[in-house]
Amino acid sequence: MQWETVIGLEVHAQLNTNTKIFSGSATAYGAMPNTQACALDLALPGTLPVLNKEVIEKAVALGLAIGAKVHERSIFDRKNYFYPDLPKGYQTSQLYHPIVGEGEIEITLDDGSTRTIGVTRAHLEEDAGKSLHEDFQGMTGIDLNRAGTPLLEIVSEPDMRNAKEAVAYLKTLHTLVQYLNICDGNMQEGSFRCDANVSVRPMGQKELGTRTELKNINSFRFVERAINYEIQRQIELIEDGGTVAQETRLYDADKNETRPMRSKAEANDYRYFPCPDLLPVEIDQSYIEAVRAKLPELPQQKKQRLINDYELSAYDASIIVAHQDIAQYFEAVVSATSANAKLAANWVMGELSAALNKGDVAISDSPVTAQNLALLLDRIADNTISGKIAKTVFEAMWENKGSADEIIESQGLKQVTDTSAIEAIIDEVIASNPGQLEQYRSGKDKLFGFFVGQVMKLSKGKANPAQVNALLKSKLAP
Amino acid sequence: MHNKTVAQISQDLQNKQYSSVELTQHYLKRIQEQNHEINAFITITDQLALEQARAADVLLAAGGANALTGVPIAQKDIFCTDGVLTTCGSKMLENFIAPYDATVIRKFKEQGAVMLGKTNMDEFAMGSSNETSYFGSVKNPWNKQCVPGGSSGGAAASVAAGFAPAATGTDTGGSIRQPASYCNLTGLKPTYGRVSRLGMIAFASSLDQAGPMARTAEDCALLLNTMAGFDENDSTSLDETVPDYTATLNDSLQGVKIGLPKEFFTNDLDADVAEKIEAAAKEYEKMGCELVEVSLPNIGLSIPAYYAVAPAEASSNLARYDGVRFGYSAKAPKDLTDLYERSRGEGFGAEVKRRIMIGTHVLSAGFYDAYYIKAQKVRQLISDDFKRAFESCDVILGPSVPSTAFKFGEKSDDPIEMYLSDLYTAGVNLAGLPGLNAPAGFINDLPIGHQLIGNYFASAKLLNLAHQYQQVTDWHLKTAY
Amino acid sequence: MALSQDDVRKVAFLARLRIEDTDVTRYAAELTNAMELISNMEQADTDAVQPMAHPLHCTQRLRADDVTAKDERAKFQALAPKVEAGLYLVPQVIE
């Protein structure tokens with residue numbers, strides 16, 4: 001049977017505020033356990049929440065960026081359940097009246113095609129603490145530093161049909177929250193987390209199959225693997241005559257498998273009701289418009305601008321905008337160089353990215369600054385060096401051996417453009433390869449490349465390739 | 001000395017008739033000698049009280065004193081007090097030394113008031129007789145066979161027994177007004193949001209409100225001047241200017257319209273109580289007030305709505321008592337669920353467990369709309385009733401309670417009957433209005449009060465009426481000792 | 001309307017309250033009575049009424065995003081039954 005997969009994602013983005021959603025505790029990552037947990041975070045008797053202004057602004061920014069309805073009135077509810085990382089015995093969240101309503105996100109797939117994924121809602125809530133399962137005489141340790149960190153939960157429609165689409169959606173959202181400066185996007189530290197709802201149904205069937213919720217998938221790679229594993233598991237289960245149980249499953253990256261979560265096994269009844277310690281949040285249109293006015297250029301807008309202004313291909317543009325720091329670097333290069341933007345794009349995505357990856361260096365720490373790269377591109381554009389020599393120069397620049405000009409000068413890499421000099425080299429090459437000359441002249445055109453190679457070799461790569469081509473053509477002619 | 005009102009004590013201290021230390025020692029001596037008979041205090045903070053009294057005396061000598069500087073106050077054990085045991089009447093918090101001060105406590109400290117101790121109360125303020133306290137029931141100083149009322153029973157008894165000139169209480173469904181009635185005191189539940197709830201251990205967040213309990217309306221005004229005010233750390237605190245509640249005590253009552261809700265004066269109202277309330281109405285009329293009939297058609301549903309809303313909020317508010325970070329923790333738990341279930345099962349008393357279960361049930365899947373949402377709608381109806389009534393009157397007058405103090409054990413076997421005694425008070429909390437009890441006489445040697453209910457922010461008006469009433473009556477001057 | 005013994009056990013579990021078997025019948029009766037009392041609300045016609053969650057019709061105030069809390073771990077953990085290495089300890093949690 002042909003199966004269709006249906007995937008919806010729930011993304012938890014930690015908002016990058018200084019303090020928690022309802023208390024004045026710091027949210028910095030990596031502090032000593034429970035040193036950033038104040039009386040409210042510990043749910044000491046008598047403590048009361050007061051809402052952090054920044055979380056509202058950040059939630060509204062996200063809503064506007066995905067074209068969603070931003071609700072002028074939203075209400076915090078309590079979700080009641082017992083768990084040691086949840087000190088109050090309830091999580092403050094927004095069930096009935098979320099701050100952000102329906103919106104949509106456009107994703108670009110590997111083949112360059114685009115799809116629009118619906119966003120059902122985005123609501124504010126508080127993060128839980130962390131359980132540490134290392135052995136404390138058979139006990140679990142609880143660190144409440146994370147408890148109360150603001151989260152924006154962004155819930156998608158079940159619009160994705162395979163794991164690649166899910167990853168593309170996730171990456172698009174990941175890029176967006178960083179452009180908006182509402183989340184640092186650090187997946188290792190758990191700032192940007194994802195749960196996936198996965199179900200399968202026979203191709204053509206309308207109603208959805210029973211879904212499972214996959215938790216604990218903390219990298220793009222694992223999202224793809226976990227979903228693919230789960231799709232396969234469900235299909236095999238059904239084809240073997242079984243039925244999928246609606247349950248929460250944990251993804252184990254080491255074993256590449258999902259398994260039911262024991263702690264979520266018992267049927268829960270969360271008894272949501274409006275939090276009586278908090279009042280309805282009201283924002284007006286002028287507030288919303290003020291947030292809109294402050295929005296930065298969004299990835300989609302930037303992509304379109306790169307296509308329009310720099311004549312980049314849609315593919316190149318989408319790669320460049322995917323990382324805000326790369327986009328910034330690229331634009332800095334373009335504005336500083338006289339070379340064309342396509343050349344800049346090729347260098348940023350090619351040599352620079354490769355060097356960054358190889359050295360595991362962030363672009364912000366690149367030894368070759370945007371200014372330096374711009375200068376190197378200038379030298380290609382003004383024919384001082386060829387593109388090939390430029391790679392040699394770039395390597396030296398990467399090793400901090402100086403600016404492009406200094407390296408070109410000190411290593412004598414300046415391109416040879418003097419026609420008589422190039423002719424002399426060509427003559428020498430022709431003279432020493434009479435056999436090839438004869439074959440060429442008798443119709444073996446392919447040997448032209450051989451002659452170019454020999455000339456470049458003899459010139460140590462410095463001869464201007466265009467000139468070499470033109471001069472060779474006339475010299476080789478019978 | 002212990003017959004004096006806060007107003008008199010304040011004057012005497014300013015006039016150096018005696019020092020705060022002498023006064024505090026006097027009260028502490030009475031408490032030490034007699035508290036075991038009444039059980040009004042869970043904790044007596046004698047060392048701290050004397051320290052505060054000495055500091056107050058320095059301030060008084062230097063001339064920088066306020067109205068409450070050096071005045072001893074009994075604090076309900078629901079307020080967190082930094083470094084001092086704060087039990088909320090529960091085994092759950094038997095060893096809980098609060099690590100911070102409630103805003104109310106901080107404000108009293110800033111005024112230089114003296115804290116004598118922490119008063120007994122129904123466990124987590126859930127009760128109307130003080131019989132649910134883990135620390136034993138409180139005796140009514142007027143008749144030790146009788147309950148003092150609740151949940152602020154220790155507070156009421158402490159003032160009625162002459163252990164303190166004034167006390168703080170909290171009122172979720174009548175917990176200030178009912179014990180004030182049982183113990184011949186003036187007690188005020190202000191408008192919801194007037195007094196900060198920060199550090200006041202929550203029972204039902206949308207209903208809880210702290211207020212003063214004392215012999216006179218004037219004393220309540222003096223305490224409320226300190227207690228009321230905006231607190232940016234409580235989202236439900238009102239950012240409204242606080243008046244000087246003593247400034248309007250002597251305003252004329254000429255032309256004040258007093259509404260008598262016809263639903264309060266039916267055949268169900270005990271004849272003796274009705275007689276006292278009607279007598280009080282006459283006194284107000286004599287002072288120039290105009291009596292008008294008003295109607296609160298849905299007030300009869302305030303108990304059903306209250307007993308859905310309050311336990312629902314409580315079930316969630318009390319989830320934090322889980323034996324992990326503070327409070328009672330069951331010994332040798334075999335797993336996490338066992339830790340939770342036994343810590344809570346052993347740490348909470350029967351009434352608290354009952355209300356947590358009622359609230360859990362009210363909020364659970366399938367019942368939420370029928371109980372919780374319905375209760376919120378009824379709450380709106382009751383609130384609308386009051387709004388409509390205040391279109392034709394300035395203040396509402398009625399009973400605070402259906403009867404005088406009852407005997408121990410009389411109602412503790414039937415929780416529902418106990419709940420029904422909140423009949424005249426709980427609606428006021430649902431609407432968030434201010435309500436005041438002031439003494440109205442005695443029935444068979446037990447005190448009975450009358451209740452004044454005001455519109456939003458009308459606490460000053462209630463105090464004005466009660467103060468004027470206390471100029472022409474002397475019920476409030478009678479003491480139990 | 002009446003709560004069964006199973007209902008009481010379910011509610012007690014949701015609320016994580018250990019209830020002795022000998023008390024279940026009593027709680028069932030008491031909870032049933034309480035629900036009967038609450039059900040009197042059915043008398044009111046509330047079809048056109050909006051639920052009221054707060055006594056006052058105010059809106060949420062917002063706080064500046066400034067760190068105001070300091071590290072008081074030692075003071076707070078003095079209240080806890082079991083701590084180690086700055087962590088609160090609970091019986092092992094199995095995910």
Checklist line | Short side-chain to backbone donor-acceptor contact, C:R61 and B:D234, under 3.5 Å | finding: yes
Check: Relative to chain C, which segment of B:F348 carries a heavy atom at a distance below 4.5 Å: side chain, backbone, both, or neither?
Finding: side chain
Notebook entry, point to check: Given a strict heavy-atom distance threshold of 4.5 Å, which part of B:P415 is in contact with chain C: side chain, backbone, both, or neither?
Noted result: side chain
Next item on the list: Measure B:I416 against the heavy atoms of chain C and call it side chain, backbone, both or neither at under 4.5 Å.
Entry: side chain
Note to self: If the threshold is 4.0 Å, N to carboxylate O, is there a salt bridge linking B:D338 and C:R18?
What the structure shows: yes
Item checked: Part of B:A330 lying under 4.5 Å from any heavy atom of chain C -> neither
Item checked: Portion of B:A431 that has a non-hydrogen atom of chain C nearer than 4.5 angstrom -> backbone
Note to self: Is it the case that the side chain of B:T170 and the backbone of B:D208 share a donor-acceptor pair, with hydrogens and angles ignored and the cut-off at 3.5 Å?
What the structure shows: no
Notebook entry, point to check: For the side chain of C:S4 and the backbone of C:D7, is there at least one donor-acceptor N/O pair under 3.5 Å apart?
Noted result: yes
Item checked: Side chain / backbone / both / neither for C:L62 at chain B, heavy atoms under 4.5 Å -> neither
Next item on the list: Go through the atoms of B:L420 and report whether side chain, backbone, both or neither lie under 4.5 Å from a heavy atom of chain C.
Entry: side chain
Next item on the list: Find the one option among C:M35, C:R63, C:K82, C:H54 whose heavy-atom pairs under 4.5 Å with chain B are most numerous.
Entry: C:M35
Note to self: So for C:L17, is it side chain, backbone, both, or neither that comes closer than 4.5 Å to the heavy atoms of chain B?
What the structure shows: both
Item checked: Atom group of B:Y456 that falls short of 4.5 Å from chain C, counting heavy atoms -> side chain
Next item on the list: Return the orientation label for the B:H361 and B:F367 ring planes: parallel under 30°, perpendicular over 60°, tilted otherwise.
Entry: tilted
Margin query: Given 3.5 Å as the limit, does a donor-acceptor pair link the side chain of B:N455 with the main chain of B:A458, or not?
Written below: no
Margin query: I need the residue from C:K10, C:Q50, C:M41 with the largest number of non-hydrogen atom pairs under 4.5 Å to chain B.
Written below: C:M41
Note to self: Can you pull out every side chain to side chain donor-acceptor pair (under 3.5 Å) where at least one residue sits in residues 297-318 of chain B? Sequence neighbours excluded, please.
What the structure shows: A:R78-B:S316, A:R78-B:N317, A:N80-B:S316, B:S205-B:N317, B:S206-B:E313, B:N298-B:D385, B:Y307-B:D422
Checklist line | Spatial distance of atom OG (B:S90) from atom CZ (B:F96) [nearest 0.5 Å] | finding: 12.0 Å
Notebook entry, point to check: Between C:V83, C:V8, C:N40, which residue shows the highest count of heavy-atom pairs closer than 4.5 Å to chain B?
Noted result: C:N40
Note to self: Below 4.5 Å, heavy-atom pairs only: which of B:E346, B:K334, B:K353 has the largest tally toward chain C?
What the structure shows: B:K353
Check: Does any heavy atom of chain C fall under 4.5 Å from the side chain of B:I358, the backbone, both, or neither of them?
Finding: both
Check: Is it the side chain or the backbone of C:E42 that comes within 4.5 Å of chain B heavy atoms, both, or neither?
Finding: backbone
Notebook entry, point to check: When you measure from the centre of the six-membered ring of C:F13, is the NZ or CZ of C:R16 under 6.0 Å away and within 45° of the axis?
Noted result: yes
Notebook entry, point to check: Most heavy-atom pairs under 4.5 angstrom with chain C, which of B:E232, B:K377, B:R344?
Noted result: B:K377
Margin query: I'd like to know which of C:C58, C:A53, C:A78 tops the heavy-atom pair count under 4.5 Å against chain B.
Written below: C:A53
Note to self: Using heavy-atom distances under 4.5 Å, tell me whether B:L318 contacts chain C through its side chain, its backbone, both, or neither.
What the structure shows: neither
Checklist line | Salt bridge flag under 4.0 Å for residues B:E94 and B:K91 | finding: no
Checklist line | Interface moiety of C:Q60 toward chain B, non-hydrogen atoms closer than 4.5 Å | finding: side chain
Checklist line | Residues C:E30, B:R354: salt bridge by 4.0 Å N-O rule | finding: yes
Check: Ion pair present between B:K387 and B:D384, side-chain N to carboxylate O less than 4.0 angstrom?
Finding: no
